[in-house]
Amino acid sequence: PTECFLSQPEEKQETTTIKAKKRKKKKISDILQKSAPKPGVPADLQNLLSQHFAGNRSVIEIEELKLSDSCFLPANDLTHSFSSYLKEICPKWAKLRRNHKEKKSVVMLVICSSALRCLELIKSMTAFKGDCRVLKLFAKHIKIKEQMNMLEKGVFHIGIGTPGRVKALVEQDGLCLSSTKYMILDWNWRDQKLRRMMDIPEIKKETIDLLEMSIIKLCREGSVKLGLF
């Protein structure tokens with residue numbers, strides 16, 4: 001009986017310790033809430049790519065994924081609206097828009113974490129885009145075949161979408177990046193849980209896949225510039 005009596009408090013103590021450990025586990029939103037917002041810089045993306053590929057790529061392969069500072073547009077210092085940022089990085093937009101005649105392509109590609117965020121940015125770029133045509137490139141309520149048909153039949157200047165859908169369009173030859181001059185990542189924006197696009201594992205992976213698939217090569221060749229908004 002004495003042994004049984006002694007074992008009961010030990011079990012309770014273990015349970016209490018486990019519960020205490022569970023309580024102490026921090027959520028990403030708690031960590032982000034305490035950290036002051038800092039604007040994204042090219043080194044942040046470079047480090048992210050290096051960490052992502054460190055375990056399964058050779059040193060030479062990782063070196064081939066590195067981008068020089070000349071591949072990047074000026075980063076958003078957190079004081080800009082989306083329109084004012086685009087005006088700063090692309091002062092000759094009117095001329096580029098006027099000269100763009102190619103179908104199945106866009107001059108500017110904007111990558112966001114969700115369809116709702118895409119819609120927000122479309123509304124907030126009104127002062128910049130003028131009368132140019134913007135195409136939504138996300139999956140919510142829009143089939144990929146519809147987007148492919150629109151790209152094939154019309155001329156669009158800006159494509160704004162999620163990395164997964166944009167990657168699928170490129171893979172299926174629905175979107176050609178040969179005419180793309182700018183790719184903007186919605187880098188600094190935080191959702192309701194205070195997560196940036198690169199804090200969400202699925203979005204992070206799809207964005208890196210898209211970069212590796214074609215964007216990094218185009219940046220190294222000098223035909224595409226990367227911006228972190």
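Count residues from 1 along the sequence.
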Discussion item. With side-chain hydrogen bond (donor to acceptor under 3.5 Å, both in side chains) as the rule and sequence neighbours excluded, what pairs involving residues 145-162 come up?
Written reply: Gln147-Arg165
Discussion item. The criterion is salt bridge (charged side-chain N to carboxylate O under 4.0 Å, His left out); which residues satisfy it with Lys140, sequence neighbours excluded?
Written reply: none
Worksheet item: Just wondering, do Val166 and Leu109 contact through their side chains at under 4.5 Å, heavy atoms?
Response: yes
Worksheet item: So which pairs with a foot in residues 67-82 pass side-chain hydrogen bond (donor to acceptor under 3.5 Å, both in side chains), sequence neighbours left out?
Response: Ser68-Ser70, Asp77-Thr79, His80-Ser84, His80-Glu88, Ser81-Ser84
Worksheet item: Can you tell me how far the SG atom of Cys176 sits from the NZ atom of Lys104, to the nearest 0.5 Å?
Response: 7.0 Å
Worksheet item: Atom CG in Leu49, atom CD1 in Ile62: separation rounded to 0.5 Å?
Response: 10.0 Å
Worksheet item: Which heavy-atom pair separates Ala75 from Gly40 by the least distance, and what is that distance?
Response: CB-O, 3.2 Å
Discussion item. As a quick check of understanding, evaluate side-chain contact (heavy atoms from CB on, under 4.5 Å) for Val224 and Lys181, giving each step before the final call.
Written reply: CA-CA 5 Å; Val224 172; Lys181 305 293 181 193; over 6 Å; no
Discussion item. When you compare the side chain of Ile184 with that of Ile111, does any pair of heavy atoms fall below 4.5 Å?
Written reply: no
Worksheet item: Heavy atoms, side chains only, cut-off 4.5 Å: are Lys66 and Ile216 in contact?
Response: no
Worksheet entry | Pairwise distance CD(Glu102) to CG(Leu151) - rounded to 0.5 angstrom | 13.0 Å
Discussion item. Could you check whether any side-chain heavy atom of Leu86 comes within less than 4.5 Å of a side-chain heavy atom of Lys129, counting everything from C-beta outward?
Written reply: no
Worksheet entry | Candidate pair Leu48 and Asp44, rule side-chain contact (heavy atoms from CB on, under 4.5 Å), full reasoning | CA-CA 6 Å; Leu48 192 78; Asp44 294 333; over 6 Å; no
Worksheet entry | Single-linkage hydrophobic cluster Val41~Leu226, side-chain heavy atoms < 4.5 angstrom | no
Worksheet item: Which distance, rounded to the nearest 0.5 Å, do you find between the CG of Leu228 and the CG of Leu45?
Response: 6.0 Å
Worksheet item: Going by the ring pair (Phe, Tyr, Trp, His ring centres under 6.0 Å) test, which pairs reach into residues 181-229, not counting sequence neighbours?
Response: Phe82-Phe229, Tyr85-Phe229
Discussion item. I'd like to check Met197 versus Cys112 (side-chain heavy atoms, cut-off strictly below 4.5 Å). Are they in contact?
Written reply: no
Discussion item. Quick check on the hydrophobic clustering: are Ile122 and Phe128 connected, directly or via other members, by side-chain heavy-atom contacts under 4.5 Å?
Written reply: yes
Worksheet entry | Summary of side-chain hydrogen bond (donor to acceptor under 3.5 Å, both in side chains) pairs that have at least one residue in residues 110-127, sequence neighbours excluded | Arg117-Glu120, Arg117-Asp186
Discussion item. Do Met148 and Val155 sit in one hydrophobic cluster, given that two such residues count as connected whenever their side-chain heavy atoms are within less than 4.5 Å of each other, even indirectly?
Written reply: no
Practice prompt. Step by step, work out the side-chain contact (heavy atoms from CB on, under 4.5 Å) result for Leu119 and Lys136.
Written response: CA-CA 8 Å; Leu119 295 174; Lys136 300 167 189 171; 3.9 Å; yes
Worksheet entry | Sub-4.5 Å side-chain heavy-atom contact between Lys225 and Met183 | no
Worksheet item: Distance from Met213 atom CE to Glu206 atom CD, nearest 0.5 Å?
Response: 11.0 Å
Practice prompt. Measure across Cys219 and Cys71 and return the closest heavy-atom pair with its distance rounded to 0.1 Å.
Written response: O-SG, 3.4 Å
Worksheet item: Between Cys132 and Trp93, does a side-chain contact (heavy atoms from CB on, under 4.5 Å) hold up when you go through it step by step?
Response: CA-CA 10 Å; Cys132 77; Trp93 175 249; 4.0 Å; yes
Worksheet entry | Note, Met108 side chain near Thr180 side chain (heavy atom, < 4.5 Å) | no
Worksheet item: Above 12 or not: heavy atoms from other molecules or residues under 6.0 Å from CD of Glu202?
Response: no
Practice prompt. Give the intermediate values and the outcome of salt bridge (Lys or Arg N to Asp or Glu O under 4.0 Å) for residues Glu212 and Arg57.
Written response: CA-CA 13 Å; Glu212 186 194 12; Arg57 298 293 168 91; 2.6 Å; yes
Discussion item. Test of understanding: clusters of I, L, V, M, F, W, Y form through side-chain heavy atoms closer than 4.5 Å, transitively. Do Phe72 and Leu218 belong to the same one?
Written reply: yes
Discussion item. Whether the side chain of Arg220 engages the backbone of Ile215 through a donor-acceptor N/O pair (distance < 3.5 Å, no angle test) should be reported.
Written reply: no
Discussion item. Tell me the closest heavy-atom pair linking Ile144 and Ala168, and the distance in Å.
Written reply: CD1-CB, 3.7 Å
Item to complete: Check whether Leu121 and Leu73 end up in the same hydrophobic cluster, where Ile, Leu, Val, Met, Phe, Trp and Tyr are linked by side-chain heavy atoms less than 4.5 Å apart.
Response: yes
Response to the item:
Across all chains, not counting sequence neighbours, the side-chain contact (heavy atoms from CB on, under 4.5 Å) partners of Ala127 are Ser83, Lys87
Response to the item:
Taken to the nearest 0.5 Å, the spacing of Gln46 CD from Leu67 CG works out to 5.0 Å
Worksheet, complete the sentence: In short, Leu137 meets Gly159 closest at the heavy-atom pair CD1-CA, 3.8 Å
Worksheet item: Do the non-hydrogen side-chain atoms of Gln51 and Asn47 ever get within less than 4.5 Å of each other?
Response: yes
Fill in: Side-chain (His100) to main-chain (Phe156) donor-acceptor, under 3.5 angstrom
yes
